[in-house]
Amino acid sequence: MVAKLSTRGLTKSFSKNQTELVALKDLTIDVQDGEFVSIVGASGCGKTTFLRLIDGLTKPTSGSIEIDGRTITKPGQDIAFVFQNDGLLPWRTVHRNTTFGPELQGRPKSTFRKLTQDALRLVGLNGFDEHYPHELSGGMRQRVNIARALTVGADVLLMDEPFAALDSQTREIMQGELMRISQQTKKTVLLVTHQIDEAVYLSDRVLIFTARPGRLKEEIVIDLPRPRDLAVKRTPEFVRYTDRIWRAIEEEVRESIGLEVQNLARAKA
Amino acid sequence: MITGLAKSKEAAPPTRIAFSVPPALWRGATAFLLAAVVWEVVARYVIGNPLFLSPLSSVAVRTVELWHEGELQNHIWVSFVEFFWGFTLASVVGILIGIVLAEWRTLRQFCDPLLSMMYATPIIALGPLFILWLGIGVISKIAIIFLTAVFPIIINTIAGLTTTERTLIDVARSLSATPIQIYTKVRLPAALPFIIAGLRLSVARALVGVVVAELFGARAGLGFMIVNSAQSFDTAAVFVGVFILAVAGVVSVELLKFLEMKLAPWRFQSEDN
Ligand SMILES: Nc1ncnc2c1ncn2[C@@H]1O[C@H](COP(=O)(O)OP(=O)(O)O)[C@@H](O)[C@H]1O
Ligand SMILES: [Mg+2]
């Protein structure tokens, strides 16, 4: 069976005033159709870069990305990106933000109302079509952000720390909502997160990246039965998974903090 | 479900800017009245010489007189025409130059120091030269107004177009927007509030431009009326001119503020959101 999404030897380096910064090194990953995969790792280990490469927003230094066996070179309609800070256009209503994708693609306007209604119902925001983003709370804006990604009609959803800016109660609720949405839409999801419990709760598989340059350090299959509700977080199996992931990450976080300290020292000298 | 609850609490309309709040309006009006009374009393009983400071009531009377003579309307009209053309030209040309410079980085780097210098220079000081070059008619005034007003517009247009939030552009790119779509659907609308703020700065400068340009030499206009009245010791008429300009200034700035609020309400939301 061919993977929904696969990367082969994906490497990305940035050159900043003559020094070469390798953000990602030699990532080879396969994601199956309908699979929910989370990526965790220390800050600056290249998680965002990885998602941007898959979406076609930046070009890899070497390696390749394939979706349904076709190579990706630029942003297309088979992948949708959910950005960390909602990225809603403040001068547009929820409706016009939600259908921004179809509008850019020149799809018929007569279908837009229905697209918005379906997407907003799915994210639990029905009736908010004519509100402006600044009239909504952070959690509601993030729902619109997800709704906008849904109207694209893509099979693959890339999410970059979508709940990082939310308070912990709202985040918990949004995790439950995302669980429901991903199951209803049967989308393939790649989620970057700092919350280990979020990764375990939502995922079929968790990928742990090393400190910079980001490589695949470990891969953990989450073998918890579905459907899962939020109570699963209090079971011993769940806690065993989070402990295991935390131990794997801890070294990397320490190392990346060490790197920062060295950099600071070098900058001062 | 959470959303039903959230709707009533979280989607309340945001508090708009402060001047619509009744207490502030009320206090502002009181201050106005108090100032008027102080003026009247000081002019009448402390100074006592209408040549130095005419009482507010005399200014009101003089306004009616000048209006009946038909002279006032003519001055207002001439100044308005000069202001209108100078400001309109400055807006159109300023926005166009801003758009070109925002796109063309190399040219912008050539022009940047020049623009900052011209922005800071009191162009009005060149007034006598413009009268010399272009005569004492309307054209010299339009030129001066144009030059005083155009630089804030250019600078704000550039700032608006070059500081688009990166995530917004990435969102559009991710949804496979073309470069033209990114420009018309993201960068231009994002720049609009900046451009209007530039117009607001310029309106005040253009008004000063009108008066000072006319001071240097003119046949009609409010600035001309002010100099003329001062030279014939008609202090009340000087104040008539100043008042009309003050009202024009307040009205045009408030109009642009209103436009800004209509077009970019998210910039005026309260902090507690
Ligand atoms: N456009 C860029 N230019 C230069 N360096 C970049 C750029 N984008 C990311 N980086 C660097 O690449 C590394 C990985 O960044 P990122 O993918 O944002 O990490 P993460 O999302 O895991 O925190 C960081 O050190 C960052 O500074
Ligand atoms: Mg990141």
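In what follows, every chain begins at residue 1, and chains take the letters A, B, ... in the order their sequences are listed. The analysis underlying the following values was restricted to heavy atoms, covering all of them including side chains, and did not include hydrogens, waters or symmetry mates.
If you measure heavy-atom distances from Asn85(A) to chain B, the contacts under 4.5 Å come from both the backbone and the side chain. Heavy-atom distances place no part of Leu158(A) under 4.5 Å from chain B, backbone and side chain included.
Geometric assessment of Lys185(B) against the ring of Phe100(A) yields a negative cation-pi assignment under the 6.0 Å and 45° thresholds.
Heavy atoms only, all atoms of each residue included: Pro113(B) and Gln109(B) are closest at CD-O, 3.6 Å. When every heavy atom of Arg107(A) is checked against every heavy atom of Val152(A), the shortest pair comes out as NH1-O, 3.6 Å.
Comment: Arg180(A) engages Glu177(A) in a salt bridge, judged by a side-chain N to carboxylate O separation of less than 4.0 angstrom.
Between chain B and the options Phe81(A), Phe83(A), Trp91(A), heavy-atom pairs under 4.5 Å are most frequent for Trp91(A). Contact count versus chain A (heavy atoms, under 4.5 Å) is highest, among Ala172(B), Ser174(B), Ser176(B), for Ser174(B).
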